[in-house]
Colleague: 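For reference, the structure I am asking about is given below.
Just the heavy atoms: all of them, side chains too, but no hydrogens, waters or symmetry mates, feed the values below. Protein chains get the first letters and strands the later ones, always in sequence-line order, with residue 1 at the start of each.
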There are 2 protein chains.
Amino acid sequence: MVSALQKYATLLRQNEFKATQPRVKILEVLDKSPQPLTASEIHEKVSTLDIDLATVYRTLNKLADAGVLNRVELGDEFSRFEYKRVANHHHHHIICDSCGKIVEINLCNLDAIASDIAKSTGFTNIQHQVVFRGCCERCALKVS
Amino acid sequence: MVSALQKYATLLRQNEFKATQPRVKILEVLDKSPQPLTASEIHEKVSTLDIDLATVYRTLNKLADAGVLNRVELGDEFSRFEYKRVANHHHHHIICDSCGKIVEINLCNLDAIASDIAKSTGFTNIQHQVVFRGCCERCALKVS
DNA sequence: GTATATGCAAATCTTTTGCACCCCT
DNA sequence: AGGGGTGCAAAAGATTTGCATATAC
């Protein structure tokens with residue numbers, strides 16, 4: 001228990017942040033979540049500590065800027081955040097249009113396309129961001 | 001001049017909308033724009049007619065739902081809209097991180113990936129949405 | 001004439017910010 | 001002790017909505 005929280009405190013100090021209770025708790029919640037979470041979802045999950053929503057936002061922004069978290073945009077009005085488990089591990093997500101479930105996708109062959117785009121548009125330093133949407137297995141059963 | 005506006009009026013009536021002045025003007029602005037526009041950008045461009053921003057939003061949402069416009073999400077806080085020139089013409093966009101310029105991308109080989117994802121995740125009916133970001137030629141010159 | 005669309009104002013929702021106080025280090 | 005971090009409240013910015021009036025058909 002204590003050692004688990006130490007892990008987050010150490011991670012914070014390594015990135016020149018003070019290891020405060022709100023930050024440790026937020027990291028714990030994100031580490032344990034199987035999918036990226038919105039600020040509001042995180043705020044609910046840490047409600048036992050009465051952490052202010054503004055603190056959640058400030059923490060998420062700072063940790064994402066420092067590279068401790070990934071900021072995930074899925075094309076709706078929310079920014080989501082996920083614990084970065086492997087440094088720079090490149091992946092994408094698929095979100096269920098019906099229930100909002102999000103699953104990680106590890107296939108990606110867009111780098112070849114990027115060089116074609118560079119050639120045709122003159123853009124350089126091309127990054128990409130992909131979101132898949134669909135209907136998850138559970139929701140497919142409900143509908144039919 | 002009149003015939004050009006007739007084109008939008010006809011398009012509106014074909015989709016069971018009344019051909020009002022605000023709607024015709026909004027369609028004209030989007031048709032003439034080389035890139036997708038935000039509600040606020042459209043509102044500025046139609047400022048000669050004193051169209052309310054709420055009307056712009058309502059028009060954009062209805063026309064996008066009806067399939068007359070494409071709703072474009074580029075991972076920032078704005079929804080953008082583009083005139084649909086060819087029915088269901090599938091494409092993506094690249095946006096310059098420096099000046100915000102948006103260019104259309106017509107390459108897309110993600111359909112093959114979609115079937116792999118279906119196999120590994122159980123999701124069905126998979127759509128995708130891709131945003132490329134980079135530095136456009138003009139901005140690359142400025143920086144160097 | 002009637003249903004629909006618009007303008008105006010107010011509300012909603014996510015996210016940010018100012019400021020006084022608190023607590024890591 | 002000192003400076004960053006937090007809570008609280010208010011603000012900001014995109015988008016939506018209620019309602020009375022205006023307009024297309």
Colleague: Give a yes or no on whether a salt bridge exists between A:K45 and A:E41, defined as a side-chain N under 4.0 angstrom from a carboxylate O.
Modeller: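 Here A:K45 does not pair with A:E41 in a salt bridge, since their nearest N and O are not under 4.0 Å apart.
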Colleague: Can you find a side chain N or O atom of A:K62 that sits less than 4.0 Å from OP1 or OP2 on D:dG4?
Modeller: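 Indeed not, no polar side-chain atom of A:K62 lies that close.
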Colleague: Between A:E16 and B:K18, just flag the one whose closest nucleotide in DNA chain D comes earlier from the 5' side.
Modeller: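 On the 5' side of the pair lies A:E16.
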Colleague: When only distance counts, do a donor and an acceptor, one from the side chain of A:R58 and one from the base of D:dG4, lie under 3.5 Å apart?
Modeller: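 No pair found.
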Colleague: Near DNA chain D, under 4.0 Å by heavy atom, which residues of residues 42-57 of chain B?
Modeller: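 Going residue by residue through residues 42-57 of chain B, the ones with a heavy atom under 4.0 Å of DNA chain D turn out to be B:L53, B:A54, B:Y57.
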Colleague: Would you say B:R23's side chain and B:Y8's backbone share a donor-acceptor pair under 3.5 angstrom?
Modeller: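 No, B:R23 side chain to B:Y8 backbone: no donor-acceptor pair under 3.5 Å.
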Colleague: Measuring to OP1 and OP2 of D:dT16, would you say a side-chain N or O of B:N61 lies under 4.0 angstrom away?
Modeller: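 Yes, because at least one side-chain N or O of B:N61 sits under 4.0 Å from OP1 or OP2 of D:dT16.
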Colleague: I want to verify a distance call: between D:dT6, C:dT14, D:dT15, whose nearest atom is closest to the A:F78 side chain?
Modeller: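 Of the candidates, C:dT14 comes closest.
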Colleague: Is there a donor-acceptor pair under 3.5 Å between the side chain of B:H43 and the backbone N or O of B:I51?
Modeller: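 Here the side-chain-to-backbone pair exists.
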Colleague: Assert yes or no for the condition that the ring centre distance of A:H128 to A:H92 is strictly below 6.0 Å.
Modeller: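 Distance test on ring centres: under 6.0 Å, yes.
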Colleague: Could you tell me, to 10°, how much the axis swings from one end of the helix from C:dG1-D:dC25 to C:dT25-D:dA1 to the other, five pairs per end?
Modeller: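 Angle reported: 30°, given to the nearest ten degrees.
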Colleague: Check for a donor-acceptor pair, side chain of A:K84 on one end and backbone N or O of A:G67 on the other, with a separation under 3.5 Å.
Modeller: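 Judged by distance alone, yes, a pair lies under 3.5 Å.
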Colleague: Treating A:N70 as the side-chain partner and A:V72 as the backbone partner, does any N or O pair qualify as donor plus acceptor under 3.5 Å?
Modeller: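 Not confirmed, A:N70 side chain does not pair with A:V72 backbone.
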Colleague: Write down the atom of A:P36, the atom of A:I102, and the distance for their closest heavy-atom approach.
Modeller: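 The pair with the smallest heavy-atom distance is CD-CG2, 3.8 Å.
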Colleague: Taking N and O atoms by type only, does the side chain of A:R13 place a donor or acceptor under 3.5 Å from a partner on the base of D:dG4?
Modeller: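 Counting by modelled atom types and ignoring angles, no donor-acceptor contact under 3.5 Å is found here.
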Colleague: B:H93 and side chain to side chain donor-acceptor pair (under 3.5 Å): which single residue from B:E73, B:R80, B:R133, B:E82 fits?
Modeller: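 Only one of B:E73, B:R80, B:R133, B:E82 forms a side chain to side chain donor-acceptor pair (under 3.5 Å) with B:H93, namely B:E82.
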Colleague: Does A:T20 have a side-chain nitrogen or oxygen under 4.0 Å from the phosphate oxygens OP1 or OP2 of D:dG4?
Modeller: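 Answer no for this pair, as no side-chain N or O of A:T20 is under 4.0 Å from OP1 or OP2.
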